[in-house]
Protein chains: 2
Amino acid sequence: MDSLRQFTHRLRRRDRRITGPRQAILETLRAQEHPLAIRQIHDALHEPCDLATVYRAMHMLEDMGMVKRFDFGDGTARFELIAEGDDGHHHHLICRNCATVVEIEECFSKKLEQRIANQNGFTALTHKLEFFGLCPTCQ
Amino acid sequence: MDSLRQFTHRLRRRDRRITGPRQAILETLRAQEHPLAIRQIHDALHEPCDLATVYRAMHMLEDMGMVKRFDFGDGTARFELIAEGDDGHHHHLICRNCATVVEIEECFSKKLEQRIANQNGFTALTHKLEFFGLCPTCQ
DNA sequence: TCCTTTTTGCAAATAATTTGCAACTACTAA
DNA sequence: TTAGTAGTTGCAAATTATTTGCAAAAAGGA
């Protein structure tokens with residue numbers, strides 16, 4: 001319930017509206033622990049809406065920092081709701097064969113990133129990292 | 001010159017042919033130190049060929065392990081020639097503003113990857129990792 | 001040089017995503 | 001509660017990257 005409340009609050013703050021499709025999309029994302037593709041979100045909605053609406057909603061949620069976009073390298077964006085009090089920073093381990101996804105909380109040390117930033121004079125570093133392999137079933 | 005010779009050898013071995021477009025593409029890749037998008041490769045060819053031919057050639061070069069595909073998350077595949085004696089494993093630091101690319105040789109320790117594999121029962125792990133930030137000019 | 005197999009160019013097909021626009025609806029001010 | 005305004009939606013068409021079918025052209029071996 002809280003994320004809906006939080007959502008409402010953030011929307012109002014930006015003069016954005018709380019609509020049926022947006023609430024439904026949030027519900028759908030909340031029910032999943034893994035990243036969902038737009039198509040999957042769309043198909044899972046009980047009260048269906050246009051695909052374009054889902055695309056637009058995801059952009060908005062992303063801009064508002066409520067959702068994180070992941071890229072598994074297959075040309076399809078996937079999204080996860082960012083849990084409360086979480087920064088959403090985590091990675092995935094994806095089976096190359098069956099596409100099973102496991103969430104990975106571990107990451108390399110921030111020192112590495114800091115060093116890379118310093119050595120190249122870059123600031124505000126972020127990174128995208130995903131692991132691929134063969135899951136127990138597919139080996 | 002060597003990579004062309006190597007290429008010829010690998011092609012013959014697989015009953016593939018050495019054609020103008022393929023040689024031209026290799027030349028183009030060799031002249032660049034950064035990953036190139038298909039469109040860029042296509043536009044850089046002196047002896048032009050069809051875009052579809054470039055797409056097909058890149059698949060072939062990738063299958064032959066002569067080229068590595070990178071994904072900067074913008075929906076466009078980029079390719080780099082794999083240098084001789086190199087495994088092609090490296091990453092990039094990309095400016096979020098001007099898209100400048102810096103090659104990064106550093107990577108996190110293999111132990112991390114090994115641990116992730118073990119903890120989840122996965123094998124044959126690989127990863128995709130790219131860094132993003134603001135370059136000195138764009139800050 | 002001839003023959004077989006691989007390649008290429010071209011155009012059309014896919015797929016994910018974006019966009020223009022008119023109809024519609026959430027929110028706010030009264 | 002209601003009207004007005006600004007944000008949203010559905011629909012269809014446009015974009016972009018990439019793939020594919022197919023007939024004509026080219027490569028490499030005999």
Self-check item: Any side-chain donor near an acceptor of the partner, A:Glu103 and A:His90, under 3.5 Å
Solution: yes
Residues 38-57 of chain B side chain polar contacts: donor-acceptor under 3.5 Å, at least two apart:
from: B:Gln40; atom 1: OE1; to: B:Ala37; atom 2: N; distance (Å): 2.7
from: B:His42; atom 1: NE2; to: B:Cys49; atom 2: O; distance (Å): 2.8
from: B:Asp50; atom 1: OD2; to: B:Ala52; atom 2: N; distance (Å): 2.9

Quiz item: Rounded to the Å, how far apart are A:Asp74 CG and D:dA17 P?
Solution: 17 Å
Quiz item: Residues two or more places apart in sequence or in another chain: which of them pass side chain to side chain contact (heavy atoms under 4.5 Å, CB included) with B:Cys98?
Solution: B:Cys95, B:Thr100, B:Cys135, B:Cys138
Self-check item: Whole-Å distance separating the CG atom of A:Asp43 from the C1' atom of C:dA16
Solution: 14 Å
Practice problem: Could you tell me which non-hydrogen atom of A:Cys107 sits nearest to which non-hydrogen atom of B:Leu112, and how far apart they are? | Solution: C-CD2, 4.0 Å
Please tabulate, for side-chain N and O atoms in residues 58-68 of chain B, each donor-acceptor pair with protein atoms closer than 3.5 Å (sequence neighbours left out).
from: B:Glu62; atom 1: OE1; to: B:Arg69; atom 2: NE; distance (Å): 3.2
from: B:Glu62; atom 1: OE1; to: B:Arg69; atom 2: NH2; distance (Å): 2.9
from: B:Glu62; atom 1: OE2; to: B:Arg69; atom 2: NE; distance (Å): 3.1

Quiz item: Separation of B:His42 atom NE2 from D:dT16 atom C1', in whole Å?
Solution: 15 Å
Self-check item: Euclidean distance, atom CG of residue B:Asp63 to atom C1' of C:dT7 [Å, nearest integer]
Solution: 16 Å
Quiz item: Which value, rounded to the nearest 0.5 Å, describes the distance between A:Glu80 atom CD and A:Gln32 atom CD?
Solution: 10.0 Å
Practice problem: Let me know the distance between CD1 of B:Ile41 and P of D:dA17, rounded to the nearest Å. | Solution: 14 Å
Practice problem: Using a 4.0 Å heavy-atom cut-off, write out nucleotides 19-29 of chain D from 5' to 3' as B (base contacted by protein), S (sugar-phosphate only) or - (no contact). | Solution: BBB----BBS-
Exercise. Could you check how far CZ of A:Arg14 sits from C1' of C:dC27, rounded to whole Å?
Key: 18 Å
Quiz item: Starting at CG of A:Leu11 and ending at P of C:dT28, how long is that distance when rounded to a whole Å?
Solution: 12 Å
Which atom pairs, one a donor and one an acceptor, fall under 3.5 Å between side chains of residues 118-133 of chain B and the rest of the protein, sequence neighbours left out?
from: B:Asn118; atom 1: ND2; to: B:Gln114; atom 2: OE1; distance (Å): 3.3
from: B:Asn120; atom 1: ND2; to: B:Ile116; atom 2: O; distance (Å): 2.8
from: B:Thr126; atom 1: OG1; to: A:Arg96; atom 2: NH1; distance (Å): 3.1
from: B:His127; atom 1: ND1; to: B:Glu113; atom 2: OE2; distance (Å): 2.5
from: B:His127; atom 1: NE2; to: B:His89; atom 2: NE2; distance (Å): 3.3
from: B:His127; atom 1: NE2; to: B:His91; atom 2: NE2; distance (Å): 3.4
from: B:Glu130; atom 1: OE1; to: B:His92; atom 2: N; distance (Å): 2.7
from: B:Glu130; atom 1: OE1; to: B:His92; atom 2: ND1; distance (Å): 3.1

Quiz prompt | same_hphob_cluster(A:Leu36, A:Leu26) at 4.5 Å side-chain heavy-atom cutoff | solution = yes
Quiz item: Can you check the B:Met60 CE to C:dT8 C1' distance for me, whole Å?
Solution: 13 Å
For nucleotides 1-4 of chain D, which of its nitrogen or oxygen atoms have a protein nitrogen or oxygen under 3.5 Å away, and what is each distance?
none

Quiz prompt | Toward the 5' end of DNA chain D, by each residue's nearest nucleotide, B:Gly75 or A:Ala57 | solution = A:Ala57
Quiz item: Which atoms form the tightest heavy-atom contact between B:Phe70 and B:Pro35, and what is the distance?
Solution: CD1-CB, 4.4 Å
